[in-house]
Student: 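Let me begin by handing over the structure; questions about it come next.
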Amino acid sequence: MPITIYNTLTRTKEPFEPLVAGKVGIYLCGPTVYKPSHIGHAVGPIIFDAVKRYLTFRGYQVTWVVNVTDVDDKLIDEARGQKTTIRELAARVEADYLDAMKKLHVDGIDVMPRASECMGDIIGVIRTLVDKGAAYVADGDVYFDVTSDPDYGKLSNRSIEDQAGQRALHGGQKRNPNDFALWKAAKPGEPEEVKFDSPWGKGRPGWHIECSAMSMKVFGPSLDIHGGGMDLIFPHHENEIAQSESANDAPFAKYWMHNGLTRFNTKKVSKSDTDPEAVRALKRMTLHNLLAEFSPELIRFFVLSTHYRRPIEFSDEELAGKKKGLDTFYRLFERVERITGQSAYAAADKAQLAKPSRDASEPSRDREGAGSGTRLDPVADFIRAMDDDFNTAAAIATLFDAASEVNATIEREKWEKAADDGAKAILLQMTGGVIRLARLLGLFLEPASAHSGGGDDMVDSVMRILIDLRAHCRKKKDFEAADLIRNRLTELGITLEDRADGTGWRKG
RNA sequence: GGCGGCGUACCCAAGUGGACCAAGGGGACGGAUUGCAAAUCCGUUAUUCGUCGGUUCGAAUCCGACCGCCGCCUCCA
């Protein structure tokens with residue numbers, strides 16, 4: 001079984017076959033940098049980062065493009081409101097976005113073009129469209145003529161007739177209400193920095209054209225996968241298709257992948273929401289604030305715990321629940337390190353992940369039940385999950401299964417008390433395998449520090465004293481005093497764990 | 001009005017015709033372990049998948065109707 005992808009264009013799951021064998025081009029619509037990015041803006045990058053990691057693992061050479069839209073009406077308004085320049089605003093918001101991407105370990109982006117730096121390419125596409133009669137000029141504006149495109153509406157499944165009369169005509173220059181601006185003539189009073197020269201006079205590009213131009217710049221007329229949020233299907237992606245295919249007379253994107261939107265209190269998280277509660281929620285859900293409050297890995301884990309096409313409901317309760325699940329892995333890694341004296345992460349660097357075999361998509365559970373009942377093959381299960389339209393939720397479930405398997409083995413073999421070199425090797429291999437798989441999702445890339453307290457020498461030392469003191473009390477069977485110490489620490493959010501090899505502690 | 005999505009246990013969530021008397025996580029409850037806890041392990045927690053019909057040897061999965069929720073059609077990841 002090959003990898004399958006749900007294609008919005010056909011509304012079916014299709015076998016994945018790249019245009020050029022072994023190579024994959026991906027374009028994801030990135031942010032318009034006028035306001036701080038929120039959690040919703042991280043969903044696409046996190047998913048596609050995992051997609052790229054996985055496709056790379058499956059042997060493809062992937063090129064991933066995410067654009068930055070830094071020329072837009074909203075930037076003009078926002079910059080004016082903040083009494084700053086568009087360039088300064090865009091640079092500031094973009095830096096904030098990139099910082100978040102870095103923290104989230106979205107590090108697979110290969111090219112990040114800015115609209116303002118691709119003006120020549122954009123104008124070139126518009127010129128082609130005008131020359132071909134697919135676009136017309138009106139008072140310095142240029143509009144795409146949707147009637148020139150016979151299959152306009154194929155992505156969103158809308159016909160031009162359905163739309164007629166549904167949308168107010170803007171500016172009165174359009175021949176058809178569905179026509180959209182490729183180029184907007186500069187208006188008096190607009191800042192000079194958004195007035196670009198063009199064959200039609202000074203102005204700036206419309207919203208949709210920059211994605212077509214930037215995609216074409218990197219990939220040429222056609223690319224493999226184009227992604228974005230579901231809210232972009234219409235009009236944005238519909239218009240991208242119209243422009244690109246009219247300009248090139250070639251199919252634009254082979255597969256369209258759309259991720260579900262992030263919700264809060266069942267409502268979509270939207271920049272334009274003016275409801276006071278929504279505004280407050282949105283402010284909290286900026287990536288900047290969220291990453292100050294929660295670990296990037298938790299955010300990533302949270303996002304990938306749901307299949308990408310489904311909406312994600314954001315809430316503190318859910319995040320807290322996911323954190324407990326994530327902690328299971330951290331504890332396992334620490335446990336293995338305690339037993340073996342070696343880092344599980346380091347073991348993962350060395351571990352070999354079995355190459356996916358032809359039968360990788362076969363179920364791993366041995367129904368013959370040869371002796372010991374069910375046997376797990378985490379790698380095959382993981383691959384099967386990911387091959388099925390990048391089902392990260394199912395893939396994560398296989399990680400939990402694999403982690404339980406390791407813990408159960410430790411219990412069964414009593415390795416916590418004594419483990420010889422052979423046991424240690426097995427343990428490191430199993431755990432390393434879990435980490436290797438998780439890394440295909442961008443998880444556990446590096447040792448997560450401070451999961452079990454630590455980091456502060458003074459705190460460590462004081463804790464050592466308290467733990468030694470409590471051990472002393474326990475030895476004398478003075479459990480009242482021992483429990484007092486533990487209870488007081490619990491009140492501070494510190495948990496003690498008495499294990500075979502001594503007492504450990506952690507925050508939370 | 002047009003287009004699209006969703007409704008699976010207490011919560012989150014995978015599964016979209018036979019491996020399902022339905023993964024995985026959180027929670028809860030038993031047991032092992034522990035001085036007691038914590039952690040971990042073992043087990044229990046949906047004969048049922050919004051409701052009602054239909055197709056089929058067989059449906060959570062397909063079809064129809066209905067109920068509820070959400071998104072797009074103006075800016076949005």
Side-chain angles (χ1 to χ4, degrees), chain A residues 8 11 13 28-32 34-35 37-45 47-48 66 72-74 153 156-159 161-168 170 178 207 227-236 238 258-263 266-273 301-302 305-307 309-313 315 317-328 331-332 334-335 362-363 365 367 381 385 388 391-401 404 406-412 416 474 477-480 482-483 486-487 490 495-500 503-506:
Chain A
T8 308
R11 285 172 283 279
K13 246 185 236 178
L28 176 70
C29 286
T32 300
Y34 76 108
K35 269 187 180 176
S37 301
H38 56 70
I39 177 69
H41 293 101
V43 172
I47 290 158
F48 278 92
V66 178
D72 183 87
D73 291 8
K74 294 190 293 295
S156 57
N157 195 26
R158 289 154 212 254
S159 65
E161 298 79 64
D162 285 344
Q163 298 299 305
Q166 287 299 111
R167 179 157 46 165
H170 286 309
N178 285 286
W207 174 33
M230 287 202 179
D231 52 348
L232 295 184
I233 294 173
F234 190 90
H236 187 54
E238 193 69 73
H258 289 100
N259 61 271
L261 304 178
T262 308
R263 306 193 306 186
T266 76
K267 290 277 194 291
K268 172 189 168 189
V269 176
S270 167
K271 283 181 181 174
S272 53
D273 205 326
F301 184 75
F302 179 69
S305 291
T306 304
H307 181 79
R309 274 192 284 120
R310 305 241 321 188
I312 300 172
E313 180 75 22
S315 74
E317 295 72 36
E318 274 314 301
L319 223 35
K322 294 294 182 229
K323 183 178 185 305
K324 296 218 173 180
L326 191 56
D327 282 342
T328 301
R331 287 211 198 91
L332 172 65
E334 286 164 9
R335 190 181 195 190
E362 290 301 306
R365 282 176 172 77
R367 295 195 61 227
D381 284 344
D388 183 11
N391 192 337
T392 55
I396 285 175
T398 71
L399 298 180
F400 275 106
D401 285 338
S404 289
V406 180
N407 270 321
T409 304
I410 294 170
E411 294 288 315
R412 183 165 10 93
E416 191 95 61
R474 292 176 71 207
K477 304 279 186 204
D478 183 358
F479 296 121
E480 202 177 322
D483 290 350
R486 189 173 62 196
N487 291 339
T490 303
T495 308
L496 293 186
E497 294 183 9
D498 294 329
R499 298 180 290 248
T503 298
W505 66 280
R506 65 185 156 81

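Because the structure is a prediction, the values reported are computed rather than measured.
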Student: Taking atom CH2 of W505(A) and atom OG1 of T495(A), what is their separation to the nearest 0.5 Å?
Tutor: 10.5 Å
Student: Report the distance from atom CZ of R506(A) to atom C1' of rA37(B), rounded to the nearest whole Å.
Tutor: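 In whole Å, rA37(B) C1' and R506(A) CZ are 12 Å from each other.
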Student: Rounded to whole angstrom, note down the P distance from rG35(B) over to rG27(B).
Tutor: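 rG35(B) and rG27(B) have their P atoms separated by 25 Å.
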Student: Would you compute the distance between atom OG of S270(A) and atom NE2 of H38(A) and round it to the nearest 0.5 angstrom?
Tutor: 7.0 Å
Student: Just call it for G30(A): base, sugar-phosphate, or nothing, with non-hydrogen atoms closer than 4.0 Å on any strand.
Tutor: sugar-phosphate
Student: Just checking, K322(A) and F301(A): is the charged tip under 6.0 Å from the six-membered ring centre and within 45° of the axis?
Tutor: no
Student: Send over the distance from F400(A) CZ to rG24(B) P, rounded to a whole Å.
Tutor: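 Interatomic distance, CZ of F400(A) to P of rG24(B): 11 Å.
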Student: Send over the distance from R474(A) CZ to rA38(B) P, rounded to a whole Å.
Tutor: 14 Å
Student: Between rU40(B), rG24(B), rC36(B), spot the one nearest the side chain of N407(A), thanks.
Tutor: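 Nearest listed nucleotide: rU40(B).
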Student: Counting only side-chain N and O atoms of K268(A), is one of them less than 4.0 Å from OP1 or OP2 of rA77(B)?
Tutor: no
Student: Quick check: on RNA chain B, is the nucleotide nearest T495(A) upstream (toward 5') of the one nearest G40(A), or the reverse? Name the residue that is more 5'.
Tutor: T495(A)
Student: I need the CZ-C1' distance between R158(A) and rC73(B), as an integer number of Å.
Tutor: 5 Å
Student: Work out how far the P atom of rU16(B) is from that of rU55(B), and round it to whole angstrom.
Tutor: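 Straight-line distance between the two P atoms is 25 Å.
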Student: Considering only rG24(B), rG26(B), rG71(B), which nucleotide approaches the side chain of L261(A) most closely?
Tutor: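 Taking heavy atoms from C-beta onward, the closest nucleotide is rG71(B).
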Student: For nucleotides rA23(B) and rU47(B), find the distance between their P atoms and express it as a whole number of Å.
Tutor: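 The answer is 12 Å between these two P atoms.
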Student: Hey, does the side chain of N391(A) reach the backbone of A394(A) with a donor-acceptor pair shorter than 3.5 angstrom?
Tutor: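 Side chain of N391(A) to backbone of A394(A): a pair is present.
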Student: Looking at the side chain of R486(A), which of rA77(B), rC36(B), rA39(B) is the nearest nucleotide?
Tutor: rC36(B)
Student: So, is R11(A) near the phosphate of rG4(B), with a side-chain N or O under 4.0 Å from OP1 or OP2?
Tutor: no
Student: For rG24(B), which nucleotide is its Watson-Crick or G-U wobble mate, given both distances must be under 3.5 Å?
Tutor: rC12(B)
Student: For rA32(B), what is the paired nucleotide under Watson-Crick or G-U wobble rules, both distances under 3.5 Å?
Tutor: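 With both distances under 3.5 Å, rA32(B) matches rU40(B).
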Student: Using Watson-Crick or G-U wobble geometry with both distances under 3.5 Å, which nucleotide pairs with rA77(B)?
Tutor: none
Student: What's the gap between rC62(B) and rG15(B) when it is taken at their P atoms, as a whole Å value?
Tutor: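 Pairwise P distance, rC62(B) against rG15(B), rounds to 13 Å.
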Student: For atom P, what is the distance between rA22(B) and rA60(B), given to the nearest Å?
Tutor: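 Straight-line distance between the two P atoms is 11 Å.
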Student: Could you write nucleotides 6-15 of chain B as a row of B, S and -, 5' to 3', where a protein heavy atom under 4.0 Å of any base atom gives B, of only sugar-phosphate atoms gives S, and otherwise -?
Tutor: SS---SSSSS
Student: Report the distance from atom CG of D498(A) to atom P of rA39(B), rounded to the nearest whole Å.
Tutor: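 The answer, rounded to whole Å, is 12 Å.
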Student: Need the pair for rC57(B). Rule: Watson-Crick or G-U wobble, both distances under 3.5 Å, any strand; none if unpaired.
Tutor: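 Partner of rC57(B): rG18(B).
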Student: In the structure shown, which nucleotide is the Watson-Crick or G-U wobble counterpart of rC6(B), with both distances under 3.5 Å?
Tutor: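 Paired with rC6(B), as far as the under-3.5 Å criterion goes, is rG68(B).
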Student: Distance check, C1' atoms only: rU8(B) and rA46(B), in whole angstrom units.
Tutor: 8 Å
Student: Measuring from L232(A):CG to H258(A):NE2, what's the distance to the nearest 0.5 Å?
Tutor: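 These two atoms lie 6.5 Å from each other.
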Student: Between D72(A) (CG) and rU74(B) (P), how many Å, whole number?
Tutor: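 From D72(A) CG to rU74(B) P: 16 Å.
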Student: In whole angstrom, give me the gap between the C1' atoms of rA65(B) and rC73(B).
Tutor: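 It comes out at 26 Å once rounded to the nearest Å.
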Student: Starting the side chain at C-beta, find the nucleotide from rC73(B), rC41(B), rC3(B) nearest to N157(A).
Tutor: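 Among the listed nucleotides, the one closest to the side chain of N157(A) is rC3(B).
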Student: Check salt bridge (charged side-chain N to carboxylate O under 4.0 Å, His left out) between E497(A) and all other residues, then give those that pass, not counting sequence neighbours.
Tutor: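 So E497(A) forms a salt bridge (charged side-chain N to carboxylate O under 4.0 Å, His left out) with R331(A), R499(A), R506(A).
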Student: With a 4.5 Å limit on heavy-atom distance, are the side chains of P311(A) and L261(A) in contact?
Tutor: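 A side-chain contact is absent here, since even the closest heavy-atom pair is not under 4.5 Å.
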Student: Measure the shortest side-chain to side-chain distance between I312(A) and F302(A) over non-hydrogen atoms and say whether it is less than 4.5 angstrom.
Tutor: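 I312(A) reaches F302(A) side chain to side chain.
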Student: If the P atom of rA37(B) is compared with that of rG31(B), how far apart are they to the nearest Å?
Tutor: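 One P to the other, the span is 11 Å.
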Student: Hey, is F479(A) doing a stacking thing with rG35(B), by the 5.5 Å centroid and 30° angle criteria?
Tutor: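 Yes, aromatic ring over the base.
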Student: Return the 5'-most residue of the pair G260(A), I233(A) with respect to RNA chain B, ranking by each residue's nearest nucleotide.
Tutor: I233(A)
Student: Output all residues satisfying salt bridge (charged side-chain N to carboxylate O under 4.0 Å, His left out) with D498(A), sequence neighbours left out; order by chain, then residue number.
Tutor: R470(A), R474(A)
Student: With a 3.5 Å distance limit and no angle check, can you tell me whether S315(A) reaches the backbone of E318(A) through a side-chain donor-acceptor pair?
Tutor: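 The answer is yes, because a donor-acceptor pair under 3.5 Å joins these two groups.
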Student: Between rC72(B), rG35(B), rG26(B), which nucleotide has the shortest distance from any of its atoms to the side chain of D231(A)?
Tutor: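 For D231(A), the side-chain atoms sit closest to rC72(B).
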Student: Rounded to whole Å, please give me the gap between CG in L232(A) and P in rG71(B).
Tutor: 16 Å
Student: Hey, does the side chain of T32(A) come within less than 4.0 Å of rC75(B)'s phosphate (OP1/OP2), counting only N and O?
Tutor: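 For T32(A), the contact criterion (side-chain N or O under 4.0 Å from OP1 or OP2 of rC75(B)) is not met.
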Student: Measure the distance from CZ on F234(A) to P on rG5(B) and round it to the nearest whole Å.
Tutor: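 Going from F234(A) (CZ) to rG5(B) (P), I get 17 Å.
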Student: Among the nucleotides rC75(B), rC42(B), rC73(B), which one has an atom lying closest to any side-chain atom of K74(A)?
Tutor: rC75(B)
Student: Quick one: is rA77(B) close enough that its OP1 or OP2 comes under 4.0 Å of any side-chain N or O from N259(A)?
Tutor: no
